[in-house]
Amino acid sequence: MYPDKFQYFTPGDIASLEELLDKYRDDSKILAGGQSIIPLLKMRFTSIPNIIDISNIKGLNFIELNDDLEIGPMARTAEVAASNIVAMNCPLLFDAAGKVADPQVRNMGTVGGDICEADPRNDMPAVMLALNADFEITNSSGKRTVNSTEFFKDAYTTALDSNDILTKISIKNIGYHGKYFKFTTMASDFALFAVAINMKLNSDETVKDIGIGLTNVSSTAVKANEVEAYLKGKKIDEKISEEAFSKLLNMIELDDDYNGTKEEKQKILKKIFVNGLKEVYGDSK
Amino acid sequence: MMVNIRVNGKQYKKDIEPRLLLVNFLRDELNLTGTHIGCDTSNCGACTVLMDGKSVKSCTVLAMQANNHEITTIEHEDPELNAIKDAYVEEQGLQCGFCTPGMIMETFYLLKDAGNKDVDDDYIKKKLSGNLCRCTGYRSIIDSIKKANEKIREKEEIHVSR
Ligand code: FES
Ligand code: FES
């Protein structure tokens, strides 16, 4: 399968990237690893006249701990999944990055691309919501920061304008415990659904702060605000988890499809969610 | 557009269309048909090659993205890669053989990537999640990988592949 024809650019610095984006705007798209966009181009779900590969721009591939954990847009998913800095400061991201697709896709794909593509089945949007991550966005008129909760608008639609570049992912909720619980029918495939949990406890074992994100239960990743608010200040046990799940159900849309009926899916999601909360709570103690 | 890609130690300079995929570059431009196209939708891993030593699905990489990079395919004569080919023959890690080039290239990568980790069933299964086989049921593939690991560690003499 061949993509439709396109022009291909490899700018060497941010200034030339901005210039290209300003010139082609909606007729262009940034290519990082290409693991989401190339399949779409091949299937001709989309056709983009100007593809701008950013892999030759120096300084976009970094994983650093400053005040926040900072990740560059060209950091490959496999690099994040193998990084000690990430493992020590952000176990949720570490775990989730190692569960994206399969080893080959992780070697090529980037965390930034996963976020910007905003496919509701992608893993990173829910993880970013659970982490309350901030995104630094750059274009020819300057920089701004957008919180992940303001970023994902709809399937494949984000707060990015056609000349915007995601230049940094910042995670301030570090030193938490967290895990990504992903349910798939085929190991390398998209999640049927997944739950990202990031948690920190007070000394009396009540929840100090918690972030919960869900993959593939709506047209975008979902941040379970009400559930987070409900769980804060509580000790998590079976009863509380079930109550939390009933609140969660109001925030998501599950439908019957070839993977199962709505009821079956709810049952599985409940198991994953309740067990997941228990596990991360246990780890946090 | 011009690309400069090093494949199995040899430098190739070609004028290609930007939409050309790496797998088609290898198969159609360079006649290296050992790399297979199974699904063409990033699922099966038959098209796995190494780019700068890391496994990628060449049906999901533009040839342009490999510009100035180094590609290793199943045709390469690296002694360790040949040891893996031997192990697959000895342990019958293939039936129809369609998935095999991808399996072997991913094996090459996962053994290098293992570092000090144990190459046990668990590790292999996780690392092989991007490769599908319709014939073997995977058992013999896992055995081949373990055998290959031994061979490489013991630097056993290589015979079958050449
Ligand atoms: S042909 Fe590339 S993954 Fe199947
Ligand atoms: S041996 Fe036939 S597909 Fe694997």
Side-chain angles (χ1 to χ4, degrees), chain A residues 1-10 12 29-45 47-56 74 76-79 81-82 84 95 98-110 113 119 182 184-190, chain B residues 1-3 16-25 28 37 39-69 102-103 105-110 112-115 117 123-132 138:
Chain A
M1 294 183 293
Y2 279 92
D4 211 347
K5 286 194 176 168
F6 54 77
Q7 289 197 84
Y8 178 86
F9 301 92
T10 45
K29 188 138 188 140
I30 291 177
L31 177 96
Q35 299 304 286
S36 304
I37 193 69
I38 294 173
L40 295 180
L41 288 168
K42 282 173 70 183
M43 304 288 275
R44 307 249 177 147
F45 280 138
S47 129
I48 299 157
N50 301 285
I51 301 267
I52 311 173
D53 182 342
I54 58 168
S55 64
N56 282 350
M74 273 311 295
R76 308 275 178 184
T77 311
E79 292 168 344
N84 275 331
D95 185 41
K99 289 176 178 165
V100 172
D102 56 53
Q104 291 98 319
V105 170
R106 294 196 288 271
N107 278 338
M108 200 64 201
T110 62
D119 188 316
K182 182 170 175 178
T184 56
T185 48
M186 193 174 94
S188 63
D189 213 348
F190 286 116
Chain B
M1 284 181 100
M2 288 308 276
V3 277
I16 58 162
E17 253 193 287
R19 61 175 170 163
L20 185 69
L21 296 159
L22 179 58
V23 69
N24 299 113
F25 176 81
D28 304 340
I37 304 173
C39 62
D40 219 353
T41 52
S42 341
N43 291 306
C44 75
C47 64
T48 301
V49 301
L50 305 194
M51 181 153 136
D52 301 333
K54 292 185 175 152
S55 61
V56 298
K57 292 184 163 173
S58 62
C59 73
T60 313
V61 176
L62 299 171
M64 293 304 305
Q65 287 178 287
N67 192 18
N68 299 322
H69 291 277
M103 287 289 177
M105 294 316 290
E106 188 58 25
T107 304
F108 193 26
Y109 172 70
L110 73 83
K112 275 190 195 304
D113 201 40
K117 276 184 226 119
Y123 175 77
I124 294 172
K125 282 182 191 168
K126 261 193 203 130
K127 292 288 174 168
L128 224 52
S129 65
N131 292 72
L132 299 179
Y138 302 99

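Proteins get letters first, then strands, A, B, ... in listed order; numbering begins at 1 in each.
Note on B:M64, B:K127, B:K54, B:M1: by heavy-atom pairs under 4.5 Å with chain A, the leading option is B:M64. The candidate from B:E17, B:Q65, B:K125, B:E106 with the greatest count of non-hydrogen atom pairs under 4.5 Å with chain A is B:Q65. Taking chain A as the reference chain and counting heavy-atom pairs below 4.5 Å, the highest number among B:S42, B:P18, B:C59, B:G45 is found for B:P18.
With a threshold of 4.5 angstrom between heavy atoms, B:I37 does not approach chain A through any atom at all. Of the two parts of B:K126, only the backbone, made up of N, CA, C and O, holds a non-hydrogen atom closer than 4.5 Å to a non-hydrogen atom of chain A. Proximity to chain B is limited to the side chain of A:L31, based on heavy atoms less than 4.5 angstrom apart. Contacts of B:L62 with chain A are made by both backbone and side-chain atoms, with heavy-atom separations under 4.5 Å. In this structure, chain B has heavy atoms under 4.5 Å from both the backbone and the side chain of A:K5.
The distance from the CD1 atom of B:I16 to the CE atom of B:M2 is 9.5 Å, given to the nearest 0.5 Å. The CE atom of A:M1 sits 6.0 Å away from atom OG1 of B:T41, with the distance rounded to the nearest 0.5 Å. One distance of note links CG of A:D119 with CD1 of A:I37; it measures 10.5 Å at 0.5 Å rounding.
Inspection of the B:S55 and A:N107 side chains reveals an N or O donor paired with an N or O acceptor under 3.5 Å.
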Intermediate values then yes/no, side chain to side chain contact (heavy atoms under 4.5 Å, CB included), A:I48 and A:F6: CA-CA 6 Å; A:I48 299 157; A:F6 54 77; 5.8 Å; no
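Distance alone, capped at 3.5 Å, is enough to place a donor-acceptor pair between the A:K42 side chain and the B:D40 backbone.
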